[in-house]
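For reference, the structure discussed in these notes is given below.
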Amino acid sequence: MTDGVIIYHNPRCSKSRATLKLLEGKEITPNTIRYMDTPPDADTIKNILEMLNIDDPRDLMRQHEAEYKENNLDDNSLSKEELIQAMVTFPRLIERPIVISNGKAAIGRPPEKVLDIL
């Protein structure tokens with residue numbers, strides 16, 4: 001059963017693997033998007049930010065990644081659009097995993113957080 005659940009998944013990430021296993025344990029087979037291979041576009045990231053109720057795109061970014069530092073993404077003069085475009089260009093920056101269900105989204109850190117939106 002799919003139930004319209006989507007997971008933005010990175011199989012190299014232990015939290016992402018644990019979240020996917022948790023969903024499957026609940027007999028949910030999500031539409032799995034390997035976002036490192038198929039990065040979301042800017043509009044998709046904007047929608048995810050809205051579903052997560054996040055105003056500052058940095059709150060969805062992995063700020064310890066090299067791409068964050070190398071591209072000076074901590075510069076407060078950068079616009080929301082520039083930060084979102086950075087996630088499109090460097091999908092490794094996107095916090096993971098993200099699960100979407102019923103018009104809501106949750107970041108699986110810890111994996112059990114995604115159960116709140118199912």
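- With contacts defined as side-chain heavy-atom distances shorter than 4.5 Å, the pair Leu93/Leu73 qualifies.
- Environment of CG in Asp37: crowded, with over 12 heavy atoms of neighbouring residues, nucleotides or ligands closer than 6.0 Å.
- The pair Lys104-Asp116 does not meet the salt-bridge criterion, since no charged nitrogen lies less than 4.0 angstrom from a carboxylate oxygen.
- Val99 and Ile45 end up in different hydrophobic clusters when Ile, Leu, Val, Met, Phe, Trp and Tyr side chains are linked at under 4.5 Å.
- Cluster membership check: Leu23 does not share its hydrophobic cluster with Ile98, using side-chain heavy-atom separations under 4.5 Å among Ile, Leu, Val, Met, Phe, Trp and Tyr.
- Residue Val114 is not grouped with residue Ile54 when hydrophobic side chains (ILVMFWY) are merged at heavy-atom distances under 4.5 angstrom, including chains of intermediate members.
- When all heavy atoms of Pro111 and Leu22 are compared, the closest pair comes out as O-CD2, 3.5 Å.
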Problem set entry | Lys69 and Asp74: CA distance, side-chain angles, deciding distance, side chain to side chain contact (heavy atoms under 4.5 Å, CB included) verdict | CA-CA 7 Å; Lys69 296 171 186 168; Asp74 60 348; over 6 Å; no

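- The shortest distance between side-chain heavy atoms of Pro91 and Tyr35 falls below 4.5 Å.
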Exercise. Do Asn31 and Val5 pass the side chain to side chain contact (heavy atoms under 4.5 Å, CB included) test, and can you show the C-alpha distance, the side-chain angles, and the key distance before you say yes or no?
Worked result: CA-CA 6 Å; Asn31 175 13; Val5 176; over 6 Å; no

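- Counted within 6.0 Å of CZ on Arg92, heavy atoms from surrounding residues, nucleotides or ligands total 12 or fewer; the atom is thus considered open.
- Using a 4.5 Å cut-off on side-chain heavy atoms (C-beta onward), Thr19 and Arg96 make no contact.
- Taking CG of Asn10 as the reference point, atom CD1 of Ile33 lies at 13.5 Å (rounded to 0.5 Å).
- Here CG of Asp43 is found 11.0 Å from CD1 of Ile48. Values are rounded to the nearest 0.5 Å.
- In terms of hydrophobic clustering, with Ile, Leu, Val, Met, Phe, Trp and Tyr side chains grouped at heavy-atom distances under 4.5 Å, Leu83 and Tyr68 are assigned to a common cluster.
- In terms of heavy atoms, Ile100 sits closest to Ala105 at CG1-CB, 4.0 Å.
- Between Leu20 and Pro30 there is a side-chain heavy-atom pair separated by less than 4.5 Å.
- Cluster membership for Leu115 and Ile6, using ILVMFWY side-chain heavy atoms within less than 4.5 angstrom, is not shared.
- Side-chain contact between Tyr8 and Ile94 is absent, with no heavy-atom pair separated by less than 4.5 Å.
- Inspection of the Thr32 and His9 side chains reveals no N or O donor paired with an N or O acceptor under 3.5 Å.
- Residues Ala42 and Val88 approach most closely at N-CG2, 3.5 Å, considering heavy atoms.
- Using a 4.5 Å heavy-atom cutoff, the side chains of Arg58 and Gln63 are in contact.
- Expressed to the nearest 0.5 Å, how far CD of Glu95 lies from NZ of Lys15 amounts to 10.5 Å.
- Within a 6.0 Å radius of CG in Asn53, other residues, nucleotides and ligands contribute 12 heavy atoms or fewer.
- Summarising the geometry, atom CG belonging to Asn71 is positioned 11.5 Å from atom CD belonging to Glu82; distances are rounded to the nearest 0.5 Å.
- Counting heavy atoms from C-beta outward, Ile84 and Leu60 have side chains that stay 4.5 Å or more apart.
- A side-chain N or O of Asp41 and one of Thr44 form a donor-acceptor pair less than 3.5 Å apart.
- We find that Glu65 and Arg62 are joined by a salt bridge, their nearest charged nitrogen and carboxylate oxygen being less than 4.0 Å apart.
- The CD1 atom of Ile7 lies 12.0 Å from the OG1 atom of Thr29; values are rounded to the nearest 0.5 Å.
- Residues Leu49 and Pro57 have side chains in contact (heavy-atom distance under 4.5 Å, counting atoms from C-beta outward).
- Note that the CZ atom of Phe90 and the CE atom of Met61 stand 9.5 Å from one another [nearest 0.5 Å].
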